[in-house]
Amino acid sequence: MAKDLTTREKDYAQWYQDLVTKADLAEHSDVRGCMVIKPYGYAIWENMRDVLDRMFKATGHVNAYFPLFVPKSFLEKEEGHAEGFAKECAVVTHYRLKNDPDNPGKLMVDPESKLEEELIVRPTSEAIIWNTYRGWIQSYRDLPLLINQWANVVRWEMRTRLFLRTTEFLWQEGHTAHSTKAEAIEETERMLHVYADFVENYMGVPVIKGIKTASERFAGAEETYCIEALMQDGKALQAGTSHFLGQNFAKAFDVQFANKEGKLEYVWATSWGVSTRLMGALVMSHSDDNGLVLPPRLAPTQVVIVPIYRTDEERARIAERVAEIEKELAMRGIRVKFDNRDTHRPGWKFAEYELRGVPLRIGIGPKDLEANQVELARRDTLTKGTVSQIGLADHIEKLLHEIQHNLFAQAEARRTASSHYVNTWDEFNAALDKGGFVYAHWDGTAETEQKIKEKTKATIRCIPLNNPQEAGQCILTGNASVQRVVFARAY
RNA sequence: CGGGAUGUAGCGAAGUUGGUAUCGCACCUGCUUUGGGAGCAGGGGAUCGCUGGUUCGAGUCCAGUCAUCCCGACCA
C-alpha cells in the first residue's frame with residue numbers, strides 16, 4: 001500500500017480524497033468549495049478535452065465563447081429552467097469597491113455602484129446563448145446551428161467534493177438549433193453516443209445509456225438522456241447528459257425561422273455537457289490502494305523510464321541507451337518520460353509513479369545494459385519482469401493496448417457482478433445494501449419514485465435505451481409495470 | 001439551512017493544575033548511499049484562525065467572530 005493512503009476498504013471516501021491530493025491532481029483552495037486543479041490533474045483533463053473536442057468537430061460542431069454573466073431577466077425567461085437553477089446561483093450586485101472609512105486598510109462594497117440589473121454567474125448557458133441565437137437565426141438556411149463552448153460554470157452547492165461536485169467547475173456545453181423535432185432528437189442521441197464512446201473507449205469506464213425520469217430531468221428539457229457509470233464502492237455516477245429541449249428556449253427567447261414555405265416556426269434545441277466530474281469517475285473506476293491507475297489513452301505519461309546507477313559513468317551510459325529507446329517509443333506516438341533526476345532514488349521514483357498511475361515503467365541499470373534487457377512493470381496488474389531491448393517498442397505498444405482493454409474489462413466485470421435483478425421490496429433493499437445497479441419494476445409514477453427515494457436513498461438512474469419490455473409488478477406498490485428501470489444510490 | 005466536530009510550522013499531530021511551544025513527515029547543508037518511498041550528523045521554519053476580555057503571566061480560562069470538515073436536505 002502507498003504511504004499515507006487510506007485503503008478503499010477502510011474508508012472509500014477518504015481514499016478518494018487522499019488519492020486526488022496525493023497523486024497531485026487537485027487540492028482544496030482557500031475559496032469555499034473551489035479547487036485548484038494542479039498541473040498533473042490538468043494534463044489529464046487536457047487529454048480528455050482534446051479527444052472530446054476532436055469528436056465534437058468530427059460530428060460537425062464548432063467552438064465559440066459566450067459571456068460569463070447572465071442578466072437576471074434572461075435567466076427567468078424559461079420558467080422551468082429558472083426554477084431549477086435559482087437556488088444555486090452566484091449573483092453580482094455591485095461593480096466597485098472602495099476603502100472602508102471605518103476600517104483602515106479594509107475594502108468595502110461601494111453602495112453607489114449597485115447594478116440596475118443583477119448579473120448571474122452562469123450555472124449553465126442556455127439563457128445567454130438562446131438570447132444570442134435570436135439574432136443569428138432567421139431562415140431554415142441558418143440551421144442547423146451546431147456550437148460547443150468550453151467554459152467554467154458556477155453552482156452554489158451546499159457540499160462539495162474534489163472534482164465530483166465543486167462550486168466552480170470546468171466543462172463543455174453544446175447548444176444546437178434545428179429546424180425539426182426529429183433532427184433535434186437525432187442530435188441529442190448522437191451526442192449521447194459520442195459521450196458513451198469517449199467514456200468507454202478512452203476512460204475505460206462502461207456506461208448505461210438511458211433517459212431520465214421526469215423528476216430527474218434537466219430544468220427546461222423535454223427529455224434528458226444520460227450515461228451512468230458505476231464506481232468501485234457500488235455507487236452510481238452520472239457521467240454525462242444530453243438534453244432535448246424541444247421549443248422551450250426558442251419560445252422563451254423568441255427564436256423563429258422562416259421555413260421553405262415562408263412560414264415562421266420556432267427552432268428546436270438541444271444541449272449536452274460533460275464536466276471535470278469525469279476526472280472523479282476516472283479515479284474511482286480503476287485506481288487501487290497503491291494509488292491512481294490511468295488508462296493509457298488518457299495518461300499524460302504512458303511510459304516512464306527510471307535509471308538505476310551508482311556512478312556518473314553508469315548514469316551516462318544508461319542515458320545514452322535510454323535516448324535510443326525514447327526515440328523508438330516517440331516514433332510510435334507513445335508519451336514517454338525519462339526521469340533522470342539525481343535528486344531522488346529509484347525506490348522513491350517507483351512509488352511515486354505508481355501513485356500517479358503511469359501505465360508502464362521501465363527500470364534500466366548496469367546489469368540490464370549488459371544483458372540487453374530492461375525491467376518492465378505494469379501498473380494495472382502490479383506485475384513486472386525482464387524483457388529484451390530488441391523489439392521493446394513493439395512490445396510496449398501492444399501492452400498499452402492490452403492495459404487499456406484490461407481496465408475496461410475489469411470495470412465491466414465489476415459492474416456485471418454488481419448488477420442485480422430483483423422482484424420484491426426485500427430483495428430490492430438487500431441489493432441496494434450490497435451496492436450497484438438494481439434492475440427493478442416501477443409503476444411509472446413520480447409519487448412512487450419519490451417514496452422509494454425517501455425510504456432507501458436510491459434514485460432511478462435511468463431507463464435504458466432499447467430497454468427490454470417485460471410485464472411485472474412495481475416493487476413498492478405492486479402495480480403493473482412494463483419494464484425494469486435502473487435504481488442505485490448515487491453521487 | 002438543521003445536527004456534530006475541528007482550527008498549533010508546508011502537511012499530520014501532542015501540549016498536564018495557566019509559566020512563553022514539542023514530535024513525525026517535508027525542507028536546507030555535509031558525508032555515506034542508489035535494483036521498491038535510504039542512514040547518520042547538523043540546521044532553518046509557528047506573532048498557536050481572528051478580535052476582545054480575565055490574569056503578574058493565556059495555545060490553555062471566558063465572550064464574540066471567521067473558516068473548514070463530517071452527517072442530513074439540494075445537486076453535473
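These numbers were taken from a predicted model, which means no experiment stands behind them. Letters A, B, ... mirror the listed sequences (proteins, then strands); counts begin at 1.
Side-chain contact, A/Asn201 with A/Arg297: no donor N or O sits under 3.5 Å from an acceptor N or O.
The residues A/Glu354 and A/Arg379 are annotated as not salt-bridged, no charged nitrogen and carboxylate oxygen being separated by less than 4.0 angstrom.
As judged by a 4.0 angstrom heavy-atom cut-off over every strand, A/Lys367 is placed among the base-contacting residues. Contacts of A/Ser275 with the nucleic acid, taken as non-hydrogen atoms under 4.0 Å apart, include base atoms. Here A/Leu237 lies out of heavy-atom contact (under 4.0 Å) with every strand. Counting non-hydrogen atoms under 4.0 angstrom, A/Phe169 reaches a base of the nucleic acid. Within 4.0 Å (heavy atoms only), A/Gly363 reaches at least one base atom of the nucleic acid. Among the heavy atoms of the strands, none lies under 4.0 Å from A/Thr386.
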Would you tabulate the pairs of protein nitrogen or oxygen atoms and nucleotide nitrogen or oxygen atoms of nucleotides 41-45 of chain B closer than 3.5 angstrom?
none

Nucleotide N/O of nucleotides 65-74 of chain B paired with protein N/O under 3.5 Å:
unit_1 : atom_1 : unit_2   : atom_2 : d
B/rC71 : OP2    : A/Arg159 : NH2    : 2.4

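For B/rA76, the base is not stacked against the aromatic ring of A/Trp171, per a cut-off of 5.5 Å between centres and 30° between planes.
A cation-pi arrangement, defined by a distance under 6.0 Å to the six-membered ring centre and an angle within 45 degrees of its axis, is absent between A/Arg155 and A/Phe169. Judged by a 6.0 Å distance limit and a 45° cone about the ring axis, A/Arg361 is positioned over the six-membered ring of A/Phe350.
The nucleotide whose nearest atom lies closest to any side-chain atom of A/Lys384 is, among B/rG35, B/rG36, B/rU34, B/rG36. The listed nucleotides are B/rU34, B/rA76, B/rG37; the one nearest the side chain of A/Leu355 is B/rG37. For A/Ala351, whose side chain is taken as the heavy atoms from C-beta onward, the closest listed nucleotide among B/rA76, B/rG36, B/rU34 is B/rG36. Residue A/Trp348 places its side chain closer to B/rG37 than to any other of B/rG36, B/rU34, B/rG37. Checking B/rA76, B/rG36, B/rG35 against every side-chain atom of A/Arg361, the shortest atom distance belongs to B/rG36.
Mapped onto RNA chain B by nearest heavy atom, A/Gly365 and A/Thr166 fall at different nucleotides, with A/Gly365 at the one closer to the 5' end.
A/His344 and A/Trp348 have parallel rings, their planes meeting at less than 30° on a 0 to 90° scale where 60° marks the start of perpendicular. Ring geometry for A/Phe218 against A/His81 counts as tilted: the plane angle lies between 30° and 60°, on a 0 to 90° scale.
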Treat primed atoms plus P, OP1 and OP2 as sugar-phosphate and everything else as base, then score nucleotides 8-13 of chain B 5' to 3': B for base contact with protein heavy atoms under 4.0 Å, S for sugar-phosphate contact only, - for none.
------
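Remark: B/rU55 base-pairs with no nucleotide in the shown strands. Criterion, Watson-Crick or G-U wobble with two distances under 3.5 Å.
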